[in-house]
Amino acid sequence: MEVLTFVLSLGTLYSIYVILAASMELEYGELGLPNFAKVAFFAVGAFTVGALSVRLCATLTGVALEGEFKLRSYYYATLLSARISSNPLLGLTVFLVTLIVAVPLSMLLGILASYPALRLREDYLATTLIAFSEILRVITRNYEPLLGGTFGAGVVDFLAWLRSPWRELTMLVLCSSLAAGIWFIQYKLSTSPFGRALRAIRDDELASVAYGKDVAKIRAWTMAIGSGMASVAGVLYAFYIGSVNPDDFTVARTFLVVLMVTVGGRGNPYGSLVGAATYLLLDRVMLFIKHNIPLPFDVNYFSYIILGILILVIIVRKPEGLIPERPPLTVKLNKISESNIIQHNTEK
Amino acid sequence: MREPKSMKLDNNFFIAKNISKSFGGLQALHKVSLSIPEASLTLMIGPNGSGKTTFLQIISGILKPDDGRLVFKDHDITSLPPNLRFTLGIASTFQIPRVFPSLSVLENVLMAAGDPTPNPMRALWGVDEHELIEKAFNILKLLSLDHLWNKPASTLSGGQMKLLELARSLMSDPKLLLLDEPLAGVNPALASRIMKFLTELKSCRGIAAFLVEHRLDLALKHVDFVYVLHHGRVISQGSPDDVLEDPLVAKAYLGE
Ligand SMILES: Nc1ncnc2c1ncn2[C@@H]1O[C@H](COP(=O)(O)OP(=O)(O)OP(=O)(O)O)[C@@H](O)[C@H]1O
Ligand SMILES: [Mg+2]
């Protein structure tokens, strides 16, 4: 039983990380845009759930919310989850509505965030984006009516109508199918003329412009797509954890995603799958050590040190990641072109 | 200054008027005017640092002139960004090749074709590029690069990168082709093949090519008109024979 819960939760977390890594792969791995505000777009998804799930559910069931949100949201979350347990449709409505609100909102913010990229050099851009994500966190942390500030916000259990382990299994199926779909979109984009344009801009922006590409538009598209993806991960994460706390969305999370993409292999469409798996494996090993091997210090901090060392080792030893980018990725040869090449090469 | 011969009143294909450009204190171009007719081969020569590349990059839009106007097919393109000039039909190459190192040779060529903003929605259904690929292969064959089609461009030799740069510019079906020393570092047989091909493009497809080149032995016999740049000024222009006989040119460029 314990093993089953462990596997189910591991799969769910992996799905969420794959979504984040896939979005980062497009933006950073392929377009070369260091979207160090990744956590902000992840947060948009989670914050939407934190701000809406209880309120929406209350409105739909006619429950009047009383008292301060920061003090009462957990109480109402439990109360309303009980309503959902006898009304699956209510739960699904809450899930779908938060998703429908979060994704366009995040895409819009993504498009806005793509504009500084037109003027700023890569390092300044990265710094600006970090600042942007911190501002979002600090605002939500201090504006209590929205998400309860440091108290956080309770989130209804939209799968309360299922019993354990079916509930967890359903969550896993939902998360993994969304992750599979999003990864597939990333794969298709990455291996299409769109992905080719992204790599070209990353390699040489001036030459891309000289050969006709509208760099501003391509950046805006990519940020919209990547941010939409990250917000889906945020929605899933909020429902998976069961609460939302602004302080959970620090810059450190952004760097975990950067780590996944770098370790996996920037520019390789499979890098996001491998990178997320590597990180999760490492994280779990660290957790295991913490619980089973007595150490004279807190292993939580130790894990950051290990991750830092891992980044260094990879950048020095294998800068292209575990599975490097290998061109040509964006041409699919059909029979005619294939025979064309074979014919010519045998001539030689 | 003599009245420019090629600036006929009926030529409204491409005109550059009084183009000036300075870098800090250095006046790289000083009121350069010239015109390029349709279906022609125009050559620009001049000593190192005379402003040829600067002028070419002003036409392609990579550099902005301090003063002057550019007119292409009756459109004033002076303030148009490079990507829009490209979509109007002005393709250019870089003197020092700027290939996309992590794309394959074939992908580099394909980058010069297709949508200026490839639609991500369409990517999901799969894009059929087989005609473009055929065309790209033909260009690569012409330039003896086809056997390298799937190699990353970063692995090419200097001369091959130069050829790839040319291949990309040919891929876009340009109306005006701006080539910055396309023959530099290219072996003689291939170099004359390129010149013949440019002549063919001119007569069969009406393409105008404007090239900057030091290899006069290979280029002169194919071109219709020559401009000589010296210290950012046009010091001579005319047919290849006229220009070679001009004493000013002999002094400034040929070193005689
Ligand atoms: N970006 C720049 N900043 C400052 N000066 C520049 C810049 N680009 C060119 N110059 C100067 O402008 C002058 C003209 O340079 P340009 O590259 O146009 O010469 P060129 O005729 O192409 O020479 P070459 O035959 O050697 O390629 C040179 O003196 C050069 O030093
Ligand atoms: Mg030059």
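Chain A is the first sequence line, chain B the second, and so forth, proteins listed ahead of strands; every chain is numbered from 1.
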**Study point:** For E200(B), all residues meeting salt bridge (charged side-chain N to carboxylate O under 4.0 Å, His left out), sequence neighbours excluded
**Key:** none
Exercise for review: Please examine the side chains of I225(A) and P120(B), heavy atoms only from C-beta on, and report whether any two atoms are closer than 4.5 Å.
Suggested key: yes
Exercise for review: Using a 4.5 Å cut-off on heavy atoms from C-beta on, say whether the side chain of M121(B) contacts that of F194(A).
Suggested key: no
Check your understanding: side-chain hydrogen bond (donor to acceptor under 3.5 Å, both in side chains) between T117(B) and D214(A): does it pass, once the steps are laid out?
Key -> CA-CA 6 Å; T117(B) 14; D214(A) 188 337; 5.2 Å; no
Practice item. Decide yes or no for S169(B) and Y211(A): does some side-chain heavy atom of the first lie under 4.5 Å from some side-chain heavy atom of the second? Key: yes
Study note, to complete from the structure: Contacts of K188(A) meeting side-chain contact (heavy atoms from CB on, under 4.5 Å) (sequence neighbours excluded), chain-then-number -> F184(A), L124(B)
Point to revise | Region of S102(B) that comes under 4.5 Å of a non-hydrogen atom in chain A | key: both
Point to revise | Crowding at CD1, I96(B) (>12 non-hydrogen neighbours, <6.0 Å) | key: no
Point to revise | Nearest non-hydrogen partners of F100(B) and A207(A), listed with the distance | key: CE2-CB, 3.7 Å
Practice item. Please indicate whether K318(A) has more than 12 foreign heavy atoms, meaning atoms of other residues, nucleotides or ligands, lying under 6.0 Å from its NZ. Key: yes
Study note, to complete from the structure: Here the pair of heavy atoms bringing R98(B) nearest to D204(A) is NE-OD2, 2.7 Å
Check your understanding: Tell me, side chain or backbone of S154(B) under 4.5 Å from chain A's heavy atoms, or both, or neither?
Key -> neither
Study note, to complete from the structure: Heaviest contributor of heavy-atom pairs below 4.5 Å to chain A, chosen from K151(B), M171(B), E165(B), R85(B), is E165(B)
Practice item. Could you grab the distance from atom CG of L189(A) to atom CZ of R122(B), nearest 0.5 Å is fine? Key: 13.0 Å
Revision key, fill the gap. If one checks every heavy atom of L84(B) against chain A at 4.5 Å, the contacting part turns out to be neither
Exercise for review: Check whether more than 12 heavy atoms from other residues, nucleotides or ligands sit under 6.0 Å from atom OH of Y187(A), and answer yes or no.
Suggested key: no
Practice item. First locate atom CZ of R326(A), then atom CG of N150(B), and finally report the distance between them rounded to the nearest 0.5 Å. Key: 12.5 Å
**Study point:** Any P118(B) side-chain heavy atom under 4.5 Å of R196(A) side chain
**Key:** no
Check your understanding: What part of S208(A) gets closer than 4.5 Å to chain B, counting heavy atoms only: side chain, backbone, both or neither?
Key -> both
Exercise for review: Work out which heavy atom in P193(A) is nearest to a heavy atom in E129(B); give both atom names and the distance.
Suggested key: CG-OE2, 3.4 Å
Point to revise | Pick from N108(B), I62(B), N83(B) with the largest number of heavy-atom pairs that fall under 4.5 Å of chain A | key: N83(B)
**Study point:** Atom NZ of K196(B): over 12 foreign heavy atoms under 6.0 Å
**Key:** no
Exercise for review: Hey, could you give me the CZ/NZ distance between F86(B) and K213(A), rounded to the nearest 0.5 Å?
Suggested key: 7.0 Å
Check your understanding: Top residue by heavy-atom pair count (under 4.5 Å) with chain A, among P101(B), P116(B), A153(B), A123(B)?
Key -> P116(B)
Study note, to complete from the structure: Honestly, the part of A113(B) sitting under 4.5 Å from a heavy atom of chain A is backbone
Practice item. Please report the shortest heavy-atom distance between E107(B) and P327(A), naming the atom on each side. Key: OE1-CB, 3.8 Å
Check your understanding: Among D115(B), L110(B), V127(B), V99(B), which residue forms the greatest number of heavy-atom pairs with chain A at distances under 4.5 Å?
Key -> L110(B)
